[in-house]
Amino acid sequence: MKKIIAGAAFGIAALSIATSAAAQVSVEDAIKFRQAGYAFMSWNMGKIKAQVIDGQPYNQDQVAAAANAIAAIANSGMGALYPAGSDTGTGFRATKVKPEFFQNMPDVGQLAGNFNTAANELAAAAATGDQGAIRAAFGKVGETCKACHDKYRAK
């Protein structure tokens with residue numbers, strides 16, 4: 001329970017602190033930067049999935065590097081890339097964030113905290129090389145992505 005509360009508090013704090021940094025970036029650039037971050041995380045999730053879930057040849061160094069990249073982006077202050085007004089606009093493509101995202105910041109903060117925690121756990125599991133632990137942690141990261149997408153990402 002304490003871990004959940006701490007994660008939610010961290011997520012809310014990260015979003016709050018990051019909001020002041022958002023003034024330095026145009027809305028269109030913020031959308032581009034977050035799209036790039038999510039695309040890079042997706043690419044790295046694909047590398048882990050291929051090796052740990054789909055049975056392609058396993059390379060611990062590649063899996064650990066991919067997990068570390070995901071954790072680094074998750075902990076980079078992505079909340080700064082959601083300035084007011086960025087529920088509309090185009091980065092590399094039209095944004096898919098729903099307006100409800102900006103109306104439910106405590107929930108968004110908890111979801112962000114859950115994602116950060118899961119990403120960090122994936123990086124820790126990948127460092128061990130234990131494919132079972134990596135598989136479980138990978139699933140948790142996917143669950144946290146889905147939880148946010150189901151609520152706040154347009155189809």
Side-chain angles (χ1 to χ4, degrees), residues 1-22 25 30-83 86 91-93 95-98 100-102 104-155:
M1 181 67 177
K2 288 181 181 179
K3 189 176 185 181
I4 293 170
I5 293 170
F10 175 76
I12 292 168
L15 284 170
S16 299
I17 292 168
T19 303
S20 64
V25 177
I31 294 169
K32 283 182 184 178
F33 295 154
R34 73 182 185 224
Q35 288 174 346
Y38 290 123
F40 191 63
M41 284 192 286
S42 176
W43 180 64
N44 280 286
M45 289 288 285
K47 290 193 294 185
I48 296 170
K49 180 181 180 293
Q51 293 184 41
V52 179
I53 308 296
D54 297 340
Q56 290 185 11
Y58 177 74
N59 180 309
Q60 182 180 353
D61 291 337
Q62 288 178 1
V63 170
N68 287 336
I70 294 163
I73 294 169
N75 291 288
S76 70
M78 290 284 285
L81 301 178
Y82 288 90
S86 67
F92 296 110
R93 62 188 175 287
T95 184
K96 293 182 181 178
V97 68
K98 293 180 180 177
E100 294 84 5
F101 177 95
F102 299 96
N104 298 299
M105 295 316 282
D107 185 48
V108 169
Q110 176 149 0
L111 292 170
N114 293 345
F115 173 68
N116 290 1
T117 297
N120 291 335
E121 290 172 357
L122 176 60
T128 72
D130 179 343
Q131 291 186 46
I134 297 167
R135 192 174 296 109
F138 179 86
K140 288 180 184 177
V141 171
E143 289 170 10
T144 64
C145 293
K146 183 178 181 339
C148 190
H149 288 188
D150 287 350
K151 288 184 175 184
Y152 301 115
R153 184 176 189 222
K155 303 287 181 218

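Residue numbers run from 1 in the order of the sequence given. As the structure is a prediction and not an experimental result, all values here were calculated from the model.
Two residues are said to be in side-chain contact when any heavy atoms from C-beta on lie closer than 4.5 Å; Leu122 and Lys140 fail this criterion. Phe138 places none of its side-chain heavy atoms less than 4.5 Å from the side chain of Val52. The shortest side-chain heavy-atom distance between Phe101 and Arg153 does not fall under the 4.5 Å cut-off. Inter-residue side-chain proximity for Asp107 and Leu111 is flagged as met; some heavy-atom pair is nearer than 4.5 Å. The shortest distance between side-chain heavy atoms of Ile48 and Val141 does not fall below 4.5 Å.
Taking CZ of Phe115 as the reference point, atom CD1 of Ile70 lies at 7.0 Å (rounded to 0.5 Å). Asn116 CG to Thr144 OG1: the interatomic distance, rounded to the nearest 0.5 Å, is 8.5 Å. For the atom pair Ile31 CD1 and Lys96 NZ, the distance stands at 13.5 Å (nearest 0.5 Å). In this structure, CD on Gln51 lies 12.5 Å from CZ on Arg135, to the nearest 0.5 angstrom. Between the CE atom in Met41 and the CE atom in Met45 there is a gap of 9.5 Å [rounded to 0.5 Å]. Here the OG1 atom belonging to Thr128 is positioned 9.5 Å from the CD atom belonging to Gln131, to the nearest 0.5 angstrom.
With hydrogens and angles ignored, the 3.5 Å screen pairs no side-chain donor or acceptor of Glu100 with any backbone N or O of Lys151. In this structure, Gln35 contributes its side chain and Arg93 its backbone to a donor-acceptor pair below 3.5 Å. Of the possible donor and acceptor atoms, none in the side chain of Ser42 sits under 3.5 Å from a partner among the backbone N and O of Tyr38. Not a single donor-acceptor pair under 3.5 Å links the side chain of Arg34 to the backbone N or O of Met78.
The two residues Asn120 and Ala71 come nearest to each other via the heavy atoms OD1-CB, 3.7 Å. Shown here for Ala123 and Asn68, the closest heavy-atom pair between the two residues is CB-OD1, 3.5 Å. Nearest heavy-atom pair, Val97 versus Ser86, reported as atom, atom and distance to 0.1 Å: CG1-O, 3.3 Å.
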* To do: Carefully, step by step, assess Lys47 and Val63 under the rule side-chain contact (heavy atoms from CB on, under 4.5 Å).
  => CA-CA 7 Å; Lys47 290 193 294 185; Val63 170; over 6 Å; no
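For Lys98, the NZ atom sits in a packed shell: over 12 heavy atoms of surrounding residues, nucleotides or ligands are nearer than 6.0 Å.
Between Phe102 and Tyr82, the angle of the ring planes lies from 30° to 60°, which puts this pair in the tilted group.
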